[in-house]
Amino acid sequence: MDKAYTALQHDLKWQKHWDKYNVAAPETVAQKHSKPTGKTFTIMMPPPNVTGALHQGHALFLALQDGLCRWRRMCGDEVLYLPGSDHASIAVQMLVARDLESKGINYKEIGREKFLEECWQWVKVYQPRIFSQMKSMGVTCDWSRVKFTLDDDLNDAVTHAFVTLFERGYIYRAQRLVNWSPKGQTVLSDLEVLFEERQTHLWNIRYYRSDDSTKYLVVSTTRPETLLGDSAVAVHPEDERYKDWIGKKLKLPLVDREIEVIADDFVDREFGSGAVKITPAHDFTDFEVGKRHNLQLHNVFTPDAKIVEGLSGEASSLAGLDRFDARKKIEARLEELKLLEGKENYKTRIGFSERWNDVVEPYLSNQWFCKMDSMAKAVSDDAKEGKITFTPQEFYNQFQRWMEDTKDWCVSRQLWWGQQIPAYHCKSCERFMVQRTVPEKCEHCGGVDLFQDPDVLDTWFSSGLWPFSTLGWPNEEAPDFKKFYPTQILETGFDIIFFWVARMLMMGRELTGKLPFDRVYMHPMVRDEHGHKMSKTKGNVIDPIDLIEKMGADTLRITLNALCVQGRDMRLSESKIEGYRNFINKVWNAVRFVLSAVESNSDPKWIQQRPQPGDMPSKWLMSRLDAVSRDVNKRWDEFKMQEGAELLYHFLWDDYCAWYLEISKTDKSKYSHVLVYVMSEYLKLLHPVCPHVTEELWHEMNGVSSEQTLALEAFPQGDSFPDSTAIAEFDFVAEFVKSIRNIRSENGVKPSKKIPLYIPKLDEKSSKILKENKDWFVSLCGVSDLSFSPAGTEAVATIVVNSITTSESFEALIPLSELVDVKEEITRLTKEIEKLSSYFDSQTKKLSNKSFVDKAPPEVVEKEKLKLEEIQGKLEKTKAALLSMEKMA
RNA sequence: AGUCGUUUAGCUCAGUUGGUUAGAGCACCUCCCUUACAAGGAGGGGGCCCACGGUUCGAAUCCGUGAACGACUACCA
């Protein structure tokens, strides 16, 4: 074995091994696991964008999900971890269009069919890339069941879902004000609009009365260019200033049109002048106001946000002007006409499109919508009844708040890449049909001139079906659907809780009659060490692929697990990653040592047979192993990945290496069985987070045939009772060792130097334990000779040690000649006394407090009393030691 | 504006139902190349647990109030 672990040599080998052995297939568990539970455990992988490259967010969910899957699989569940990728309608369409543009091709000119061919070319190139990057993490997802959201069967599921929802009255077509991206020339859902605070202006514009050109109202707006589409000016009905104005006509600037002053109590009297221009075709609030007052809609923009042709008055000259140029021109013109009262600096939130990053325009258009309220209510009620649990819990509130106030979901997009809407329009009667198959004639008028709706569905529509469309739905008799649906856990980032999680729950419940999962686990966002978002422009990206190449997939996996705390962003840094790289190396070297210790006896049966040790340290380690096994199972069940990883880290480093492994050096044959058995069990515990190195080491140790895999060994559950006697005895000796190491170090005694130790007086129990464990005790603290007798006439340094019998302490003596300096020893003792004194004082105070003694539970008081006695004894002995030391000096 | 979250060692963070002289990793200091590992070993220093009130025998932990930071939601033109 090499001196250090080099992941590169091993990662790929074991990934191939798991493939060959078909570890990821749920069927394999049933065949090969020694203790199958007969239960299924299913996680649907959140499908990454087909053109994406692996980033830390992916790495995190892969590490967590595969960890959970490997753990459940080893526990005997038939685990299905189903992988896939998402066609990412907007993102891919944009990339492909941009790519074509760079070749001088306008995608609109080549037509839909040709363009889609181009998109599929991209899928061919990029899908294998993201999949192979995912595989390099060592994930055990079942690639034989891999899905792409545009696969034929998933398309069928989408059609079926759309038609079913239409038939049930959820899906409808309507003309509405929607979020429109002029650059993308498509509608966007509310969720795809990102708001940012921007510094802009508030323009105050005069609107003159038609009947009296001396009177005017001042209207404040952030969008002067939309005044071309104004339908009214609104004031508050109880605003004294404007009572007489209600019902009066105003002359709209630049446009040859009159508008009325209306009253509506949505108006905030305090804001601006208290008069608001109403532009129902270009503002969501105004649209609602317009509906209430039956106002006309005046659309003044083309789909690419230029001023339309055919406006009246001087506005007609603005036709074809971009909305922002129009703003400037209108501002200048208003100024000339003395209609501009002024413009103030103003901060406001502006909506940008997620993909094109252009300013989203509220725009009037015909779109397909999905009614949300009743579906949302049903899921919300389920959540209230505890049928869906969220971890961390904070997300429950956020989820509920959103579910209680859903707006209808605009599901159509004016794009080509995606599932085309299964609606067919009749050219003769202009009505449409929604159905699963292509119709031959119009059901309304019998016309045969039909065409399919050109729009595609929002990507999230197909994603919303992911937990069941991947399993064969709508065929509810499909074997996978019957066996694996509903799934167990949905694990993803909180940024898509509404986009994805909520929609899966609603659509799953409506279409399959069952919630698609009952546990939702939201992982944190990965940030850099200072808490900043990783981005290429900032140059603070820690690329998972680089990391895997440099340090191995296991280092990345355990790091992400260990840093994954609930309810806080994760800060990743090189130094943290190195820490876990070092840890893996530690495991590696521990096994190197173990192998050297058991060379002569490496029969796998012997290794894996649980030992029944008689000695105390071995009983202690076995107890620790069981405790850690129990705790790890418990933590992972609660999604406390960080705590699980921490337990595994410290058990190996502290308990196993720092203590037991060092103890075993004093008698290799005596300790070898426990040494090797515990390591073998430990490798199983660690396997879900560090699959490669543990598999390698397990094979090294057990010398098992290549036909076996650690991935299917039974996960330790820690069933036996803890040996509390061994634990107490071990702690006693370990504390003793530490205090001797301390006095040596404080006095500058070289580690190589052995010193004698005298214990003049000791209670029977402690004495028995020390004698039984003398060999390793003296070895670990560098004592040459331990005698249970006074130190003779020599001057000595005194260590006061807690006895195994609580509340008692005893003295251990080291001839002063062995130590460097009397002064150092005085300093050490003085420090010790200071510590003990303050402890003693606070303890005395606590116990002399009557209300404490009276009101605290008796067992607590008793415990505190024992503590006090122990401190007192120790303090007195230490003081005596200091006194004699001072005499000497 | 509202809702929620965070605030603990120089840095990044743990801390279950209130009973701890408050823990970890990294960084720091001293010593050690002891034959698994220097990606290591032994020891050590370092904290009015954001502030102020309250509940309690007892508060980092529970309850107020406030501050700072962050997230989400929202129709102030």
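Sequence lines set the chain letters: A, B, ... in the order given, protein chains first and strands last, and positions in each chain run from 1.
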Describe the nucleic acid contact of A:Arg744 in one word from base, sugar-phosphate, nothing, applying a heavy-atom distance below 4.0 Å.
nothing
Look at the side chain of A:Lys855 and decide which nucleotide, out of B:C57, B:A77, B:C72, has an atom nearest to it.
B:C57
Between B:A60 and B:U20, how far apart are the two P atoms, rounded to whole Å?
12 Å
Between CD of A:Gln398 and P of B:C4 the distance, given in whole Å, is 12 Å
Checking all strands, does A:Thr348 fall into the base, sugar-phosphate, or nothing category for heavy-atom contacts under 4.0 angstrom?
sugar-phosphate
A:Pro857 has a side chain; which of B:G19, B:A39, B:U73 sits nearest to it?
B:G19
Students often get this wrong, so: under 4.0 angstrom with heavy atoms, is A:Asn849 touching a base, only sugar-phosphate, or nothing?
sugar-phosphate
When Watson-Crick pairs (N1 to N3 and N6-O4 or O6-N4) and G-U wobble pairs (N1-O2 and O6-N3) count only below 3.5 Å on both distances, what is the dot-bracket string of RNA chain B, with | for other-strand pairs?
(((((((..((((.....[...)))).(((((.......))))).....(((((..]....))))))))))))....
Give the B/S/- string for nucleotides 5-15 of chain B, one per nucleotide from 5' to 3', where a protein heavy atom under 4.0 Å of the base yields B, of only the sugar-phosphate yields S, and otherwise -.
SSS----SSSS
Mind checking what makes side chain to side chain donor-acceptor pair (under 3.5 Å) contact with A:Gln843, not counting sequence neighbours?
A:Glu864
Counting any heavy atom closer than 4.0 Å, what does A:Ser220 reach on the DNA or RNA strands: base, sugar-phosphate only, or nothing?
base
NA contact type, A:Phe284, heavy-atom cut-off 4.0 Å: base, sugar-phosphate, or nothing?
nothing
What nucleic acid atoms does A:Arg581 come within less than 4.0 Å of, heavy atoms only: base, sugar-phosphate, or nothing?
base
With a non-hydrogen cut-off below 4.0 angstrom, is A:Trp653 in contact with a base, only sugar-phosphate, or nothing?
sugar-phosphate
Identify, with sequence neighbours excluded, every residue that meets side chain to side chain donor-acceptor pair (under 3.5 Å) alongside A:Lys343.
A:Glu331
Between atom NZ in A:Lys634 and atom C1' in B:U17, what is the gap in whole Å?
12 Å
Would you mind building the protein contact string for nucleotides 29-36 of chain B? One character per nucleotide, 5' to 3', B for base within reach (heavy atoms under 4.0 Å), S for sugar-phosphate only, - for untouched.
---S---B
Axial cation check for A:Phe593 ring with A:Lys665, 6.0 Å and 45° limits:
yes
Which whole number of Å gives the distance between the C1' atom of B:G45 and that of B:A1?
49 Å
Summary of ring pair (Phe, Tyr, Trp, His ring centres under 6.0 Å) pairs that have at least one residue in residues 556-583 of chain A, sequence neighbours excluded
A:Tyr580-A:Tyr649, A:Phe583-A:Tyr649
